[in-house]
Student: 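Quick one: structure below, then a few questions.
Note: hydrogens, waters and symmetry copies are ignored here, and every other heavy atom, side chains too, is used. A note on names: the letters A, B, ... follow the listed sequences, proteins ahead of strands, and every chain is numbered from 1.
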Amino acid sequence: MKMINTDIDLTSCDQEPIHLIGSIQPHGVLLAIEGDDLHISHASANSNCLFGVTHQELIGLSIERFLSTEACHHIRQIANNRKLLVLASQISSTVTTSEAQLITVHKNGSVIILELEPLLALGSEATAYQVIDSLTSLFSSNDMTEAFSLVCKEVQRITEFDRVLVYQFSDDFSGSVVAEERRECIPSFLNHKFPGTDIPKQARELYVKNTIRCLVDVHSESVPVLPAINDITKLPLDLSFSILRSMSPIHVQYLKNMGVSASLSISIIKDRQLWALIVCHHLEPKLVNYRIRALCSVLANVFSAFITRFEHEQGSQHMLSTMPLQARLLGSMHTHKNIVAGLLASSADLPALTNARGFAISIEGKLTTVGLTPSDTSIYELLQWLGNNGDATFHTHCLSSVFSGGTSMSQFASGVLATRPYDSSCWLIWFRPEAVEEVLWAGNPHKSTELENGELNPRNSFESWKELVQGKAQPWRQFEIDSALALGKAISNFVIQQVLEQQLVEEKLQMQRSEFRKRRNDWLAALAHDLQIPSIGANRLLDFLLDDAPEPIPATLRPLLSALRDSSAQQLKRIGIFVDVFRYEDNKIDQSALSAVVLKEVISECIQELLPSATTKRVTIRTTIDASAAKVIGEPSSLSRLLLNLLDNAIRFSPEGGVIELFVERAGTQTDIRIKDNGPGISAERQEQVFENFWQGGKPGKVQAGVGMGLYLCRQIARALGGEISCNSTAGNGATFTVTLQSPELTDDIGGANGRAK
Amino acid sequence: MVEQSNEIRILLVEDDKLMRLGLKLVLNAMTAIKVVGEAENGLTAIEKTSELQPDLVLLDIGLPDLSGLEALPAIRQQCPKTRILMLTSHDDLVISAIDGGADGLCKKNVSNEQLYLAIQSVLAGEKWFDTTEA
């Protein structure tokens, strides 16, 4: 651990290439070997003591000269696949005093690095069994603090260091001593905090790669590994995975300032992140043997597994305890058919879901709060900032550090956890109040750097230094964030479901409406049919009486019977229109039944039929059919019904002795049939209305049903024939109805069909 | 028109009183035609056919109890020689009438002339299915 001012740390120390430091601690010897012949490429300057030749003389020689065939065989295996090898071997050299050495072998790139240390007494087997026992109790522990102290005790017991502590990292990489085991001779750091700069980024990365680091004696001189720069790569030897690698001078100074001679650091890795360090300090120099290091490594691995399991269980427990809350909230939303009303009905559950103290929901700009929250104005500011931020989920335990408006609301909202479930119109926010905390720093962290002669120097006092930390809340844990997201998901599902339900209701209503309409129309059609029968009967009877009666009818009765017959005929005509309306209402003409119809014939028949009423009123009908418009696409009886209606209307509205003009003209692929009268005309506002079904668009009281229905029927027929009908009129100046129908393709056989009929 | 010696005996089946009366007057005024019986529902129609053995039944389709189409097979079975001319106001029943074994079909608003022709044709053993309006 070393310390420097944050700024300097980032610009200089973060970049200090510790792994390329190029030196080792003096208690061992390091060799680098390369190639098939296992020739030595690098050697530490102290090689002489083991090999009896200088490091310069070693370069280029094969390691096979110094080690047994068996040892060399193992080393070759490393070159092929294995990553780490530890073996004990005698060195064959001129140095007669040479003892058996512990050789740790690892590969880094194409280089194999051999680190030779004195083979110390390994200690008893019993130590290992005791560790296994401790591990068993560690795993049965349900308490993190208890587990921490158990690990400290165990590491202290097997390593016999003066002080062993668990140094846990926070999100900002500052560290806290959460457990400690020590001898009386050394001061305590328990519950002390260390700034994040004490262990810079590249040091943390090395702790992840190389999980055990030993520093035997801070006062010893480092031994260089030579050559310092590789001829080919122009780089120093990479010592990332070396055990002997010497510490950075700043770190050495840091430990000296702490009054410590030896240290051992064991990494606790969780989810590939450095989660904590077990740090051992000793007042005297101390070399730990290989077996102890291996046991510590096992302990660290088991501890990592324990933490992972523990956090997982914490998450599960939180989930189990919040599941009823989630279920209540969800149920309540469904009962109330409304998000906010539903959530409020179970409002106490909302903050509890994420162990927060306050909750706010904003939907379409409408804010609702529960529990301890900042003012609405503050929340709106926060919402705006969140919206600009762009992220769907946001959390902080120190709002003021990321949001300038956060300072004023830190009392209730130092911790903020926000999520928008579907889009930016809805936000869920949880608030945690400021937890003012008295932090015990190991030395004033703000004085980490003391510049002496332009060099960085770690702080020289680790005396407790108190600080009141404000503006911070308890950090959000992953399972609390997960709970928030789960509620968000439930709300988004609820919204989707509501939209779907709404659609279903609409569809159902639509179906009911069309079903109702169909039944009503079926019934009206049947009624219309039934109404026709007595009229037909009455007409037949009156015809008989007036025209074919075997006995003469008294002259006084004749006009009465005649009037009766006319009105009955008129009634029958109206009912006929009514029946036809249903026939054409849903475009009920089979399109395949449409063919080219000769207009002249249809028009003549219609005029023939209307001749009696036209004659009575002395109305003249003039017909002009353009040669190119002799035929239209249609169906004779429908076409006839359409024209009869239009002509009948024209006659009815024509003045006595009036003139009706019927033009047929081709316009491109279509044919226009125009019927022009010189009656009273139709006002502009009524021109579209006249085609409307009198019970749908018109005003029943004002519209003459017979006329309204007739024109509505005309439009139905025109559309069923694939055409359209329109009206053009100025009030007082007659009306022109235009039926536009599709024309058949022009062929030579269409002769001139100009005609005139009265 | 046709010879007077053999009067055509007709049973008129129609539920609407006015319609029935009108048709009766018109038919009786036709040469050599006599309405020998009337019925206003399907069951009576079957009974009267059996009782009167008419030359022709003018049979309405829309009847209150049995429809004309339902009464048709029974009439056919009881009096195989009797011709059956259906009367309807619906366009879409022609197929049913043909399938049911009727000899002919007319729309209710058929003109007197067309009705006369229809009766003559059916009695001559021809089929007469005409759905055009009067």
Side-chain angles (χ1 to χ4, degrees), chain A residues 522 524-553 561 564-565 567-580 582-584 588-590 593 602 605-606 608-609 635-642 644-645, chain B residues 1 10 12-35 38-41 58-64 67-69 86-96 105-116 118-119 130-134:
Chain A
D522 286 351
L524 285 171
L527 179 70
H529 262 292
D530 290 351
L531 286 175
Q532 278 182 304
I533 310 301
S535 292
I536 297 171
N539 270 9
R540 209 182 289 284
L541 209 148
L542 291 163
D543 278 345
F544 179 80
L545 286 179
L546 288 163
D547 305 333
D548 303 314
E551 294 148 30
I553 301 210
L561 286 176
L564 200 58
R565 178 169 70 173
S567 93
S568 177
Q570 187 62 29
Q571 183 187 343
L572 197 57
K573 195 156 82 181
R574 285 180 187 170
I575 295 171
I577 289 173
F578 197 71
V579 170
D580 284 343
F582 294 109
R583 186 186 299 172
Y584 292 104
K588 276 181 196 161
I589 294 182
D590 183 3
V602 177
E605 278 171 22
C606 290
Q608 203 58 42
E609 191 164 340
E635 185 268 313
S637 72
S638 302
L639 204 49
S640 153
R641 186 148 315 228
L642 170 59
L644 266 176
N645 264 300
Chain B
M1 298 184 178
I10 289 182
L12 179 57
V13 186
E14 164 63 56
D15 61 326
D16 186 76
K17 204 171 179 178
L18 207 54
M19 185 64 140
R20 202 166 64 239
L21 181 57
L23 279 170
K24 188 179 162 188
L25 285 171
V26 165
L27 288 168
N28 279 338
M30 286 176 184
T31 314
I33 290 179
K34 179 149 184 70
V35 176
E38 292 172 52
E40 55 181 30
N41 59 53
L58 202 54
L59 182 59
D60 181 18
I61 289 182
L63 293 170
S67 80
L69 287 173
M86 312 294 289
L87 271 181
T88 181
S89 56
H90 291 267
D91 289 339
D92 46 2
L93 292 174
V94 185
I95 305 293
S96 308
L105 180 140
C106 286
K107 294 280 284 188
K108 276 202 177 160
N109 57 356
V110 64
S111 68
N112 295 346
E113 292 74 21
Q114 288 292 311
L115 183 60
Y116 184 79
I119 291 167
D130 183 9
T131 60
T132 52
E133 308 276 321

Student: What's the separation between atom CG in A/Leu542 and atom CG in B/Leu18, rounded to the nearest 0.5 Å?
Tutor: 8.0 Å
Student: State whether the number of non-hydrogen atoms from other residues, nucleotides or ligands found under 6.0 Å of A/Glu635 atom CD is greater than 12.
Tutor: yes
Student: Among A/Ser637, A/Ala538, A/Gly576, which residue forms the greatest number of heavy-atom pairs with chain B at distances under 4.5 Å?
Tutor: A/Ala538
Student: Hey, could you give me each pair passing salt bridge (Lys or Arg N to Asp or Glu O under 4.0 Å) that has a residue in residues 526-545 of chain A? Not counting sequence neighbours.
Tutor: A/Asp543-A/Arg565
Student: Would you mind telling me which of B/Asn112, B/Leu25, B/Leu23 makes a side-chain contact (heavy atoms from CB on, under 4.5 Å) with A/Phe544?
Tutor: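 The side-chain contact (heavy atoms from CB on, under 4.5 Å) with A/Phe544 is passed solely by B/Leu25 among B/Asn112, B/Leu25, B/Leu23.
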Student: Could you tell me the separation between the CG atom of B/Asp16 and the CD1 atom of A/Ile536, rounded to the nearest 0.5 Å?
Tutor: 9.5 Å
Student: Please round to the nearest 0.5 Å and tell me the distance separating atom CG of B/Asn109 and atom CD1 of A/Ile533.
Tutor: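 It is 8.5 Å, given to the nearest 0.5 Å.
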